[in-house]
Number of protein chains: 2
Amino acid sequence: MPVRRRNWTGKPDRPVTSFISTYENKVDKKGRVSVPAAYRAALGSDIYQGVIAYPSLTGPAIEGFGRGALEELNRRRFDLSLDGGDFTQALVGRSDDGLVETIMSLASEMPFDGEGRIILPTRLAEHAGITDRATFVGRGTRFQIWSPKEHSKQQMAEVAALRAKLTGGDAP
Amino acid sequence: MPVRRRNWTGKPDRPVTSFISTYENKVDKKGRVSVPAAYRAALGSDIYQGVIAYPSLTGPAIEGFGRGALEELNRRRFDLSLDGGDFTQALVGRSDDGLVETIMSLASEMPFDGEGRIILPTRLAEHAGITDRATFVGRGTRFQIWSPKEHSKQQMAEVAALRAKLTGGDAP
DNA sequence: TGGGACATCATGGTATATCATGGGTATTTA
DNA sequence: TAAATACCCATGATATACCATGATGTCCCA
């Protein structure tokens, strides 16, 4: 029987694990950006291994999360194959996991400097259209990095859609 | 001899978990407001010392609840994806989860100071039209923060709607 | 039951720590 | 060796921790 594994963060007593709120920080001429302190706190011990990032497949943004979440995800993927008795899967991947495997290949590790900053890889910054400022967007279990301009457009669209859904009756 | 009297964090005699009643408090020039002691008691079982708040999507108000509820929500969200074997979900978000993800980005953590006050983030205060006074409205499992003026309008509307309903006519 | 002692609360102000940011220099990599 | 990165220290703004006080409410005892 598969065991439920909570605490994917690796540190059960950590008080905070969620990425919430939105912050806009400056990208200096060296390409450095401060990751919001609240996010660094949410990363906990993962902070020593930097953050994992990959280009969003649904828009001009960068997706980010801690190394611990990545490890947990891949371990669960492997476990699922073995538990199912399909050992071939464990070696060649599950057929419906193509997206995950693509993302793994696109992901980068961004280490922190002593002040909690990271350097955005050129490829990711270009994908998100980030130049001199970056908006960090908490999504709960992970976070995103947007260019402020693109993000404000995105956010307005999101809120408008939700508002319509909530106030526009039960009809979809 | 002055005794330290800052033990509002202590467990109440009988555990309280619901937010009820309405309180109006002052917002000082630094944007600080005392959270009603009764609400703090309701949060007392929450090991996280602070509240989470986000702008209501349906009106000029701030929604608030305990940090523990947020952590629980996100932990379940991540686990659900992994347990279901849908690892893509964990990386790019669930397609039907737009509401949660948007709220995460709009939410703020408001930690208590030593006196049980929070600082209303400018963005939230503006959304609710709060300037110098704030009305805390208990809604059971969560609470809301209104500007007193907006709240009295809201309350009158609520009461009027209920009255119309009770006096027979199915008001439009 | 009246009143006083004491605790709690909302509120105000000040000192200190943290954060985001900037720049210089050493160290690695191509 | 040139460019890119890692490491170190500095700084202003801002948020947080700390301390103080008057008012209100509660409890206990005469």
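In what follows, chains are A, B, ... by sequence order, proteins preceding strands, each numbered from 1.
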Distance (rounded to the nearest 0.5 Å) between A/Leu70 CG and A/Glu109 CD: 9.0 Å

Sugar-phosphate only, base, or nothing, as touched by B/Val27 at under 4.0 Å among non-hydrogen atoms: nothing

Pair B/Gln154, B/Glu150: side-chain N/O donor-acceptor within cut-off below 3.5 Å: no

Nearest-0.5 Å distance that lies between atom OG1 in B/Thr22 and atom CZ in B/Arg139: 7.5 Å

Rounded distance [0.5 Å steps], CD in B/Glu63 versus CG in B/Leu106: 12.0 Å

Among B/Phe65, B/Tyr23, B/Tyr39, ring-ring contact (aromatic ring centres under 6.0 Å, His included) partner for B/Phe143: B/Tyr39

Reported OG-to-CH2 distance for the pair B/Ser152 and B/Trp146, which is rounded to 0.5 angstrom: 10.0 Å

Length of the line joining B/Asp28:CG and C/dA10:P, which is rounded to integer Å: 14 Å

Nearest-angstrom distance from the residue atom CD1 of B/Ile118 to C1' of C/dC9: 16 Å

Per-nucleotide protein contact string for nucleotides 4-13 of chain D (B base, S sugar-phosphate only, - none; heavy atom under 4.0 Å): --BBBB----

Whole angstrom value for the distance that separates P of C/dC19 from OH of A/Tyr23: 11 Å

